[in-house]
Amino acid sequence: MTRAVRGGRGARGGRTGWSVRAGWSLRGERGLPRPGAASARWTTDRRWGHDLGTALLCAALLFVLALLIDGVRGSLDAARAALWLGLAALLHAALHPVRTGARPGELRTWGLLRRHTVRTDRLVSLTETGGLVPRLLLRDASGHRLSCETAVLTANPLLWHRLDTDLRTSHRLGLLRTGAEVLRELEERVDKEVLGEGFGDA
């Protein structure tokens, strides 16, 4: 499935469609972005809006439930309402989902307070951590680092294909020396996710 998508999108340039899609020149300028690449639109996590809504709902339910309990007990006042509002805000901050987006040459994550960006066409390291929530760790040639949940990429084929394009650019340029096995495993997982969605829709 992944290879079929690649072939379709890169039909104009044959096997070199990787560079054309990623926004990079094919005439000896692999490291230079084509005009307009910097202003390309972001491809973002399609589940982020749902996750944000869930976080807001949980915080709102906590606040309302606390107010109801205090109201029934007759202990509700301005100070306690402010306390419950603060606790609800803390809960939302803990549950607020990090947004992940990619465009030619860049992968970025947005949190409540910070954002991280790496040049995906200049990656030197790609590793995956284990644990309950597997994460992908990326580092570019400038030393910038980024961490994102692996599940975000496997659940968003369009986001993955955009990142995959630049990963292969980094590998072709000889920059990405670790992570080939991780790349293959992720590709297989994305293929399974796409096939699973296809059978589900059928």
Does Asp166 use its side chain to pair, donor to acceptor, with the backbone of Gly105 at less than 3.5 Å?
-> yes
Mark yes or no for whether Asn156, through its side chain, and Val152, through its backbone, hold a donor-acceptor pair below 3.5 Å.
-> yes
Go through the structure and list residues passing side-chain hydrogen bond (donor to acceptor under 3.5 Å, both in side chains) with [X], not counting sequence neighbours.
X	result
Thr150	Glu128
Ser170	none
Thr43	Arg162

Residues that Arg47 engages under salt bridge (charged side-chain N to carboxylate O under 4.0 Å, His left out), provided they are two or more places apart |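 Once residues adjacent in sequence are excluded, the partners of Arg47 under the salt bridge (charged side-chain N to carboxylate O under 4.0 Å, His left out) criterion are Asp45.
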Do you know which two heavy atoms are closest between Ala151 and Thr154, and how far apart they sit?
-> O-OG1, 3.1 Å
In Å, rounded to the nearest 0.5 Å, how long is the span from [atom1] of [X] to [atom2] of [Y]?
X	Y	atom1	atom2	result
Leu146	Asp140	CG	CG	9.5 Å
His171	Leu123	NE2	CG	12.0 Å
Leu153	Glu187	CG	CD	13.0 Å
Leu112	Arg114	CG	CZ	13.0 Å
Leu167	Leu176	CG	CG	6.5 Å

Is there any ring pair (Phe, Tyr, Trp, His ring centres under 6.0 Å) pair reaching into residues 107-158, and which pairs are they, with sequence neighbours excluded?
-> Trp42-Trp110
Where at least one partner belongs to residues 129-139, residue pairs that pass side-chain hydrogen bond (donor to acceptor under 3.5 Å, both in side chains), sequence neighbours excluded = Arg135-Ser147
Side-chain atoms of residues 54-79: list all donor-acceptor pairs with protein atoms under 3.5 Å, sequence neighbours left out, distances to 0.1 Å.
from, atom 1, to, atom 2, distance (Å)
Thr54, OG1, His50, O, 3.0
Asp70, OD1, Ser75, OG, 3.0
Asp70, OD1, Arg80, NE, 3.4
Asp70, OD1, Arg80, NH2, 3.2
Asp70, OD2, Arg80, NE, 2.7
Asp70, OD2, Arg80, NH2, 3.4
Asp70, OD2, Trp84, NE1, 2.7
Asp77, OD1, Ala79, N, 3.3
Asp77, OD1, Arg80, N, 2.8

Can you run down the salt bridge (charged side-chain N to carboxylate O under 4.0 Å, His left out) pairs that involve residues 51-68, sequence neighbours left out, and say none if there aren't any?
-> none
Sequence neighbours excluded and cut-off under 3.5 Å, please list the side-chain donor-acceptor pairs for residues 177-186, or say none.
from, atom 1, to, atom 2, distance (Å)
Arg177, NE, Gly174, O, 3.4
Glu181, OE1, Arg184, NH2, 2.5

Would you call Leu85 and Leu83 a side-chain contact if the rule is heavy atoms closer than 4.5 Å?
->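 The answer is no, as the side chains (C-beta and beyond) never meet within the 4.5 Å cut-off.
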In a table with atom names and distances, give each donor-acceptor pair under 3.5 Å that connects a side chain of residues 89-101 to protein atoms at least two apart or in another chain.
from, atom 1, to, atom 2, distance (Å)
His92, NE2, His96, ND1, 3.3

